[in-house]
Asker: 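The structure's right below; bear with me while I get my questions together.
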Amino acid sequence: MTETTGRVTAGTAAGSMTVPVRGDGTGDTAAAVVGHPAHDTAPVSRARTVGRFLAHLAEMVVVMVLGMLALAPAWDLAGVALGVEAALARPDVGAVVMVLDMVAAMTVWMRLRRHGWAAIGEMNAAMAAPFAVLLALFWAGFATAGDLMLWGHVLMVPAMAGAMLLRPAEYTRHVHGFDLAWLARRWPVLLGLALLALTIAGGVGGLPPWLILGVALVYPVVGLVRRSIRGRSMVLLQAAGLAVFAVVALLATAFAGQDTGAYVVAAGLVGHAVWDAFHHRAGAVVWRWYAETCVVYDLLLAAAVVAVTFAP
């Protein structure tokens with residue numbers, strides 16, 4: 001048996017058989033079959049390599065643009081529901097929203113195409129970096145709103161190409177395919193977005209301060225019902241978490257009706273999202289789908305609370 005890049009080939013009486021293995025650290029390889037390896041092993045001409053690189057770059061640019069176009073209506077609806085249309089119309093806020101749209105679309109697409117999380121993070125950082133610099137110049141008075149939008153998009157493309165050059169094999173030789181199974185498993189994200197839409201429709205300006213304690217109680221209650229809180233360390237961890245969120249709820253109640261109270265609620269929601277992410281990664285206490293739904297819901301609801309409180 002001989003080992004080659006991205007596959008293991010075993011000699012058999014009928015010929016060769018290719019067994020898929022994990023790739024070069026950039027993500028799981030697509031299922032390999034005879035004649036279609038996860039990586040090309042034959043010499044590739046320079047022109048073909050450059051062509052693949054440019055085609056991949058064009059793919060990323062298209063995804064970036066489609067992300068902006070697809071998610072813009074959702075921001076418009078949220079702005080109307082929350083009463084923050086004026087804030088969203090600001091050029092700096094609009095630029096941040098646009099970057100978030102592009103990052104969301106790029107993350108989903110690259111993960112769907114079996115890229116690793118390191119490559120996804122690099123690409124998202126490359127898209128955001130030009131806008132981060134230009135926003136600083138805009139706030140300092142050295143750039144106009146037109147400069148922000150024009151040069152942000154112009155500089156983004158070479159920045160993305162630079163991120164791709166960090167992993168040349170990732171974008172010129174690796175055959176990614178589509179991980180549709182991963183996409184199908186993301187239904188908790190859609191559930192979290194649906195619950196968020198219902199919450200926003202009811203208004204987020206008057207969220208009860210005890211909301212934080214309510215969502216925190218889910219974990220010990222579910223843990224008792226499922227008998228999934230095992231061991232002294234887990235019991236102590238759940239008790240400590242409940243105590244922390246109870247203190248946050250008390251602080252939010254003390255400052256109810258004030259901006260400070262709203263910010264405390266938002267901070268509590270972010271803290272609970274971290275709590276959810278920990279349990280999701282550990283697969284502990286609650287169902288993984290619930291933890292994933294709660295991460296999406298908590299983070300976006302916290303952003304909505306901050307937006308409503310901060311907007312004039």
Side-chain angles (χ1 to χ4, degrees), residues 5-6 22-30 36-72 75 91-140 142-180 182-183:
T5 304
R22 183 169 293 277
D24 57 2
T26 57
D28 293 343
T29 59
H36 296 278
H39 293 271
D40 291 337
T41 56
V44 179
S45 67
R46 184 178 182 83
R48 188 178 180 186
T49 298
V50 172
R52 286 180 173 180
F53 184 90
L54 293 177
H56 220 135
L57 177 60
E59 174 187 315
M60 299 296 187
V61 172
V62 169
V63 170
M64 174 187 71
V65 173
L66 291 178
M68 291 188 295
L69 295 176
L71 295 177
W75 285 102
D92 50 355
V93 176
V96 172
V97 166
M98 192 165 49
V99 170
L100 291 176
D101 290 345
M102 293 186 293
V103 165
M106 191 66 70
T107 298
V108 172
W109 179 257
M110 290 185 69
R111 185 58 189 81
L112 179 61
R113 294 278 277 139
R114 298 179 185 273
H115 288 278
W117 289 112
I120 294 172
E122 292 162 0
M123 184 60 65
N124 287 335
M127 292 191 302
F131 280 99
V133 174
L134 288 165
L135 277 169
L137 293 175
F138 174 77
W139 289 327
F142 296 112
T144 65
D147 295 333
L148 176 62
M149 291 300 176
L150 173 62
W151 290 106
H153 288 91
V154 170
L155 295 175
M156 188 183 302
V157 176
M160 293 167 64
M164 293 170 63
L165 287 173
L166 294 175
R167 301 171 182 270
E170 175 87 4
Y171 300 99
T172 60
R173 298 180 65 84
H174 192 73
V175 180
H176 297 280
F178 291 91
D179 190 356
L180 297 179
W182 174 84
L183 186 63

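Please read all numbers here as calculations on a predicted model, not as lab measurements.
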Asker: First locate atom CG of L180, then atom CG of L112, and finally report the distance between them rounded to the nearest 0.5 Å.
Answerer: 6.0 Å

Asker: Can you tell me how far apart NE2 (H153) and CE (M156) are? Round to the nearest 0.5 Å.
Answerer: 5.0 Å

Asker: What's the verdict on side-chain contact (heavy atoms from CB on, under 4.5 Å) for R111 and I120, showing C-alpha distance, side-chain angles and the deciding distance?
Answerer: CA-CA 8 Å; R111 185 58 189 81; I120 294 172; 4.0 Å; yes

Asker: Report the distance from atom CE of M102 to atom OG1 of T107, rounding to the nearest 0.5 Å.
Answerer: 11.5 Å

Asker: Using side-chain hydrogen bond (donor to acceptor under 3.5 Å, both in side chains) as the criterion, list what pairs up with D147, not counting sequence neighbours.
Answerer: T144

Asker: For residues G152 and L134, report the shortest heavy-atom separation together with the two atoms involved.
Answerer: N-CD1, 3.2 Å

Asker: Between H115 and Y171, is the ring centroid distance below 6.0 Å?
Answerer: yes

Asker: Report the distance from atom CE of M64 to atom CE of M127, rounding to the nearest 0.5 Å.
Answerer: 7.5 Å

Asker: Does the ring centre of W109 sit less than 6.0 Å away from the ring centre of F178?
Answerer: yes

Asker: How close do A105 and G67 get, heavy atom to heavy atom, and via which atoms?
Answerer: CB-CA, 3.4 Å

Asker: Looking at every non-hydrogen atom in both residues, tell me the closest pair between M106 and M60 and how far apart they are.
Answerer: CE-O, 3.2 Å

Asker: Should E122 and W117 count as side-chain neighbours, where that means a heavy-atom distance under 4.5 Å?
Answerer: no

Asker: Taking all atoms of both residues into account, what is the closest heavy-atom pair of R114 and G177, and its distance?
Answerer: NE-C, 4.3 Å

Asker: For W182, which residues count as a side-chain hydrogen bond (donor to acceptor under 3.5 Å, both in side chains) partner, sequence neighbours excluded?
Answerer: none

Asker: Can you tell if the side chain of V99 reaches within under 4.5 Å of the side chain of N124, non-hydrogen atoms only?
Answerer: no

Asker: Output all residues satisfying side-chain contact (heavy atoms from CB on, under 4.5 Å) with A104, sequence neighbours left out; order by chain, then residue number.
Answerer: L71

Asker: Is there a donor-acceptor contact under 3.5 Å from the side chain of H176 to the main chain of E170?
Answerer: yes

Asker: Roughly how far, to the nearest 0.5 Å, is the CG atom of L150 from the CG atom of L155?
Answerer: 8.5 Å

Asker: Yes or no on side-chain contact (heavy atoms from CB on, under 4.5 Å) for L135 and V96, after CA distance, side-chain angles and deciding distance?
Answerer: CA-CA 9 Å; L135 277 169; V96 172; 3.9 Å; yes

Asker: Quick one: does M98's side chain get under 4.5 Å of W75's, heavy atoms only?
Answerer: no

Asker: Taking all non-hydrogen atoms of both residues into account, name the closest pair between R52 and R173 and its distance.
Answerer: NH1-CA, 3.8 Å

Asker: Might you point out which heavy atoms bring M160 and V61 nearest each other, and give the distance in Å?
Answerer: CE-N, 4.0 Å

Asker: Measuring from atom CZ of F138 to atom CG of L148, what distance do you get when rounded to the nearest 0.5 angstrom?
Answerer: 6.5 Å

